[in-house]
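Structure record follows, encoded as structure tokens.
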2 protein chains.
Amino acid sequence: MAKILVVDDEPAILSLIHNALSTDQHLVTTISNPAEVHSTDLGAYNLILLDVMMPGVDGFTLCREIRTAVDCPILFLTAKTLESDLMYGLGLGADDYITKPFGIGALRARIQAHLRREGRERRNMLYLDPVRLNLSGKELYIRENKVPLTKSEYEICEFLARHRGQVFSKDHIYEGVFGMDGDSDSSAITEHIKNIRAKLARHGLEAIETIWGIGYKWKL
Amino acid sequence: MAKILVVDDEPAILSLIHNALSTDQHLVTTISNPAEVHSTDLGAYNLILLDVMMPGVDGFTLCREIRTAVDCPILFLTAKTLESDLMYGLGLGADDYITKPFGIGALRARIQAHLRREGRERRNMLYLDPVRLNLSGKELYIRENKVPLTKSEYEICEFLARHRGQVFSKDHIYEGVFGMDGDSDSSAITEHIKNIRAKLARHGLEAIETIWGIGYKWKL
DNA sequence: TGTCATCCTTACAGAATCCTTAGAATCTGC
DNA sequence: GCAGATTCTAAGGATTCTGTAAGGATGACA
């Protein structure tokens, strides 16, 4: 059971989808006027279906706006069958691109697949090639060797690893890991980074990169 | 960059896919004999492409087996276009169902979308043909070669690239990048521009144009 | 209460980066 | 061409940031 938002200007399609998804026990909200999307609490939905060609508003633009606000799956539902449109749409951050006319069974199957994926992601393991994070057990392994980390050290690793490739300042890391204010001297982060590095280095691993003047990032 | 496994019995398709995905900097492993899958370390891959109709083995069955072992996205690649096949395939735990013949661009876009959802790919990218800016990672690539830039250099590049084609005076750039007043001698910008140009020139690229008496602009 | 592990702070040295300066080279308009 | 203005180049010092080490603070636990 999931909360699904459907945006399309054709009432016939809306009701068709509404019926189909309701039989799958989903809570479906339909919007026929794209302008209403901005006054909607997007964060409340688990999945969003979006038409591309609607009067007044471009679905692609709408997708870009929605994507900045939420992380849930966004599925395009469109009559534009060109490969270039698909590439453009998916490039905007959408997760699927379904062309009309579509089989209602196919739509349901695709939606189920996306929702299933969302559930799978929340499982408690994070593989970053030689490194494995046991999120529920708060443990870090390198090739089956458990690396003893203190709580703070582990939390910093998890934070960086979850956002691998992204750079964070020390203040940002402090805030992301321990929450709230950075009045505490964030140079404590420097110290933790040093210790983490020393422990990972024993296994010949160099996972944290320092971006001079900006911060650190997980580079695996 | 992700590790991708492709299973298909047709060598022509394998090489086609291998080439396409390699240009996206993925590490591609191809298997033409489905029986080999069982002796493969599936956990090493970030995404799996699977043909359905292969001699000896049924792709659907294979998918079910793979899904019990790993959580990564599994994409079917098949000539079976029936809606019932799609529903069956996705019901087995696959994440996408792409029917042959498929556009190679569409395949790449779908793969990128799946990897993005997995968090394997950065979200914020800026493509300016030979140049790629990883906004969250603060990196600049030229045709997949990372160009080492200092913080200021990168920020200036990002500023100019974001407003490509637009001319900015040195003061304007200083203000746009470092914020606030330009009391600091903006001739520092000249210096940075010089250094950036030198680094880009090593890759045979000339991206910043100087508009005499006015300023600079990103011309890609 | 004493010990231990962890976390935070401080201080300093070394490194990377940034900025300034001054002179050479280049461009523009006449 | 020439003069004036603008940009480019190069080098050095100033500044900022990071890495490291040591010691104190805190809290858990016996």
Side-chain angles (χ1 to χ4, degrees), chain A residues 137-140 146-160 167-202 205-219, chain B residues 137-140 146-160 167-202 205-219:
Chain A
K138 306 274 185 190
E139 292 169 321
L140 185 147
K146 182 175 169 184
V147 179
L149 295 176
T150 70
K151 176 174 180 275
S152 303
E153 287 163 6
Y154 171 82
E155 297 290 354
I156 290 172
C157 281
E158 182 178 325
F159 177 78
L160 290 176
V167 188
F168 294 98
S169 70
K170 280 177 276 204
D171 286 315
H172 204 142
I173 293 174
Y174 196 91
E175 192 182 321
V177 171
F178 307 106
M180 49 178 287
D181 56 84
D183 78 328
S184 175
D185 187 354
S186 66
S187 75
I189 295 294
T190 312
E191 169 70 5
H192 286 133
I193 296 278
K194 186 193 80 175
N195 294 332
I196 293 169
R197 278 173 166 161
K199 288 178 179 178
L200 298 188
R202 283 180 216 147
L205 198 72
E206 199 182 319
I208 298 174
E209 184 178 358
T210 123
I211 313 299
W212 235 84
I214 306 181
Y216 302 92
K217 80 173 175 193
W218 193 270
K219 68 176 180 186
Chain B
K138 306 269 187 192
E139 293 169 321
L140 186 148
K146 182 176 169 183
V147 180
L149 296 176
T150 70
K151 176 181 184 251
S152 303
E153 287 163 7
Y154 172 82
E155 298 289 355
I156 291 172
C157 281
E158 181 177 325
F159 177 77
L160 291 177
V167 187
F168 293 97
S169 70
K170 281 177 277 202
D171 287 315
H172 203 143
I173 293 175
Y174 196 92
E175 192 182 320
V177 172
F178 306 106
M180 52 177 278
D181 54 83
D183 77 329
S184 173
D185 188 353
S186 66
S187 76
I189 294 295
T190 313
E191 168 71 5
H192 287 133
I193 296 280
K194 186 196 81 177
N195 294 332
I196 292 168
R197 278 173 166 161
K199 288 177 179 178
L200 298 188
R202 283 179 216 148
L205 198 73
E206 198 183 319
I208 298 175
E209 185 177 357
T210 121
I211 313 299
W212 235 81
I214 306 182
Y216 302 92
K217 81 171 175 192
W218 192 270
K219 68 176 180 185

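Letters go in sequence order (proteins before strands), and every chain restarts at 1. The basis for the numbers below is simple: all heavy atoms, side chains too, and nothing from hydrogens, waters or symmetry mates.
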Checklist entry - Where along nucleotides 5-12 of chain D does protein come under 4.0 Å, by heavy atom, of base (B) or sugar-phosphate alone (S), with - for untouched nucleotides? => result BBSBBBB-
From [atom1] of [X] over to [atom2] of [N], roughly how many Å is that when rounded to an integer?
X: I173(A); N: dT18(D); atom1: CD1; atom2: C1'; answer: 13 Å
X: F178(A); N: dT26(D); atom1: CZ; atom2: P; answer: 17 Å
X: N195(A); N: dA5(C); atom1: CG; atom2: P; answer: 14 Å
X: I196(A); N: dT20(D); atom1: CD1; atom2: P; answer: 13 Å
X: D171(A); N: dT18(D); atom1: CG; atom2: P; answer: 11 Å

Checklist entry - If you fit an axis to the five pairs at each end of the helix from dT1(C)-dA30(D) to dC30(C)-dG1(D), how big is the angle between those two axes, to 10 degrees? => result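 Result, rounded to 10 degrees: 40°.
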Can you list the residues that meet the side chain to side chain donor-acceptor pair (under 3.5 Å) rule with [X], with sequence neighbours excluded?
X: Y216(A); result: none
X: E191(B); result: N195(B)
X: K217(A); result: E139(B)
X: E209(A); result: K146(B)

Item to check | Residue-level proximity of residues 146-154 of chain A to DNA chain C when a heavy atom falls under 4.0 Å | outcome: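 Residues of residues 146-154 of chain A under 4.0 Å from DNA chain C: T150(A), K151(A), S152(A).
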Item to check | Separation between OG1 of T190(B) and CD1 of I173(B), rounded to the nearest 0.5 Å | outcome: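 So the gap between those two atoms works out to 9.0 Å.
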Checklist entry - Just how far is it from atom NZ of K151(B) to atom CD1 of I156(B), taken to the nearest 0.5 Å? => result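 Between atom NZ of K151(B) and atom CD1 of I156(B) there are 10.5 Å.
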Next on the checklist: I'd like to check the salt bridge (Lys or Arg N to Asp or Glu O under 4.0 Å) partners of K199(B); sequence neighbours left out, ordered by chain and number.
Outcome noted: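 K199(B) satisfies salt bridge (Lys or Arg N to Asp or Glu O under 4.0 Å) with E153(B) once adjacent residues are dropped.
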Item to check | Partners meeting salt bridge (Lys or Arg N to Asp or Glu O under 4.0 Å) with K170(B) (sequence neighbours left out) | outcome: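 K170(B) satisfies salt bridge (Lys or Arg N to Asp or Glu O under 4.0 Å) with no other residue.
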Checklist entry - Got a sec, which residues hit ring-ring contact (aromatic ring centres under 6.0 Å, His included) with F159(B), two or more places apart in sequence or on another chain? => result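 Only H163(B), F168(B) meet the ring-ring contact (aromatic ring centres under 6.0 Å, His included) criterion with F159(B).
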Checklist entry - Is there side-chain contact between E206(B) and K219(B), with heavy atoms separated by less than 4.5 Å? => result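 Side chain of E206(B) against side chain of K219(B), heavy atoms only: contact under 4.5 Å found.
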Next on the checklist: Is there a side-chain contact between C157(A) and I196(A) in this structure, where contact means two heavy atoms from C-beta onward sitting under 4.5 Å apart?
Outcome noted: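 Counting from C-beta outward, C157(A) and I196(A) do come under 4.5 Å.
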Checklist entry - Does the side chain of H192(A) get closer than 4.0 angstrom to OP1 or OP2 of dT6(C) through an N or O atom? => result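 For dT6(C), neither OP1 nor OP2 has a side-chain N or O of H192(A) closer than 4.0 Å.
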